[in-house]
Peer 1: 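What follows is a structure written as structure tokens; I'll ask about it next.
Owing to the predicted nature of the structure, the values given are computational and were not obtained by experimental measurement.
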Number of protein chains: 2
Amino acid sequence: MPDILHMVGLKSSSPEDTYQALTTAEGLAAWWTNETHVDGGDGGDVIRFRFGGDNGFDMKVLALDPARRVLWQVIGGPEEWVGTRIDWQLSQDGDDTIVRFKHEGWREPVDFMYHCSTKWAMFLMSLKSLIETGRGAPWPNDIKIHDAH
Amino acid sequence: MPDILHMVGLKSSSPEDTYQALTTAEGLAAWWTNETHVDGGDGGDVIRFRFGGDNGFDMKVLALDPARRVLWQVIGGPEEWVGTRIDWQLSQDGDDTIVRFKHEGWREPVDFMYHCSTKWAMFLMSLKSLIETGRGAPWPNDIKIHDAH
């Protein structure tokens, strides 16, 4: 099954800031979508991401390893996404936090997968900007790769 | 074998401009790297892309279908790249040229593949900018995703 892979290096003295940006409503809303809802306790059980109206994704938090790893499973959203997993691996290399990103379990390399691969890169750059400058580019102010998307 | 997939939509009345940007030294140098050398006749037989010194990629042009498709095979460069293929498919959807990009044939999902996936997205946005505004962000003025890379 094809996967979407990405990697970025973030100027940061510790992976803790990036971990916070992946596990708190405030952090997630600052780089992915302003409409982020974290349900449950510390780190969340289910996170609901919306992009206007009902459009979006529900993620079950499968694993949390502080400052190292976050693993989500998609439990609601477009059918191509449901059942896929989004795996964030963090490590530190000198002055850089390295983020290895994998969106795995796509059943087919459909057009939507092509689109999401490019779009994930934009959101990773938004995360990078958030960590480095304090300001990300979350939806609805995200970088568009095709018309309004 | 894992592939890198991307898709962007470019505001353009015809895919011809994008095709030119993928098949001429002037076009390629305006979005990928300033150090682009096209050897051979119309559209090129081999294209050499450099990123300072000897660093870079040599591509054999395997297929050219005007305004529709460009296919390269990597014949020189980092060992992870040699033998892989880069497939550009163009189509028109109203006012948008749709670019489907596939870098296929990676033997293993190594870190360098993660890096290149994100980096390709940056260069596709550079191509988009070139077509839409007349100005891309080719190396050495490319968007950096990790320190100077």
Peer 1: Quick one: NE2 on B/H6 to OH on A/Y114, what's the gap to the nearest 0.5 Å?
Peer 2: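 Separation between the atoms: 11.0 Å.
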Peer 1: Between B/L124, B/D96, B/V8, which shows the greatest number of heavy-atom pairs under 4.5 Å with chain A?
Peer 2: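 Maximum pair count with chain A is reached by B/D96.
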Peer 1: Would you mind checking which part of A/D111 comes under 4.5 Å of any heavy atom in chain B, side chain (CB onward), backbone (N, CA, C, O), both or neither?
Peer 2: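 Looking at A/D111, backbone and side chain both touch chain B.
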Peer 1: Near A/D147 CG, under 6.0 Å, is it more than 12 heavy atoms from other residues, nucleotides or ligands?
Peer 2: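 Atom CG in A/D147 is crowded, with more than 12 foreign heavy atoms closer than 6.0 Å.
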Peer 1: To the closest 0.5 Å, what do you measure between CZ (A/F101) and OG (B/S117)?
Peer 2: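 The CZ atom of A/F101 sits 9.5 Å away from the OG atom of B/S117.
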Peer 1: Check each atom of B/I98 against the heavy atoms of chain A and say whether the ones under 4.5 Å are side chain, backbone, both or neither.
Peer 2: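 Interface part for B/I98: side chain.
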Peer 1: Quick one: what part of B/I143 sits under 4.5 Å from any heavy atom of chain A, side chain, backbone, both or neither?
Peer 2: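 When you check distances to chain A, only side chain atoms of B/I143 fall under 4.5 Å.
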Peer 1: Pick one of side chain, backbone, both or neither for A/K144, based on which atoms fall under 4.5 Å of a heavy atom in chain B.
Peer 2: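 The backbone, not the side chain.
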Peer 1: Can you find a heavy atom in the side chain of A/M125 that is under 4.5 Å from one in the side chain of B/M122?
Peer 2: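 They are in side-chain contact.
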Peer 1: So if you build clusters from Ile, Leu, Val, Met, Phe, Trp, Tyr with side-chain heavy-atom gaps below 4.5 Å, do B/L71 and B/W81 land together?
Peer 2: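 Not linked; separate clusters.
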Peer 1: Can you tell me how far apart OG1 (B/T118) and CZ (A/R100) are? Round to the nearest 0.5 Å.
Peer 2: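 Those atoms lie 11.5 Å apart.
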Peer 1: What distance do A/I4 atom CD1 and B/I4 atom CD1 have between them, rounded to the nearest 0.5 Å?
Peer 2: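 Result: 11.5 Å between the selected atoms.
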Peer 1: Consider only side-chain heavy atoms of I, L, V, M, F, W and Y, link residues closer than 4.5 Å, and tell whether A/V110 and A/I86 are in one cluster.
Peer 2: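 Yes, it is one cluster - the side chains of A/V110 and A/I86 are joined through contacts under 4.5 Å.
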Peer 1: Between A/L10 and chain B, which part of the residue has a heavy atom less than 4.5 Å away: side chain, backbone, both or neither?
Peer 2: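 For A/L10, neither part sits under 4.5 Å from chain B.
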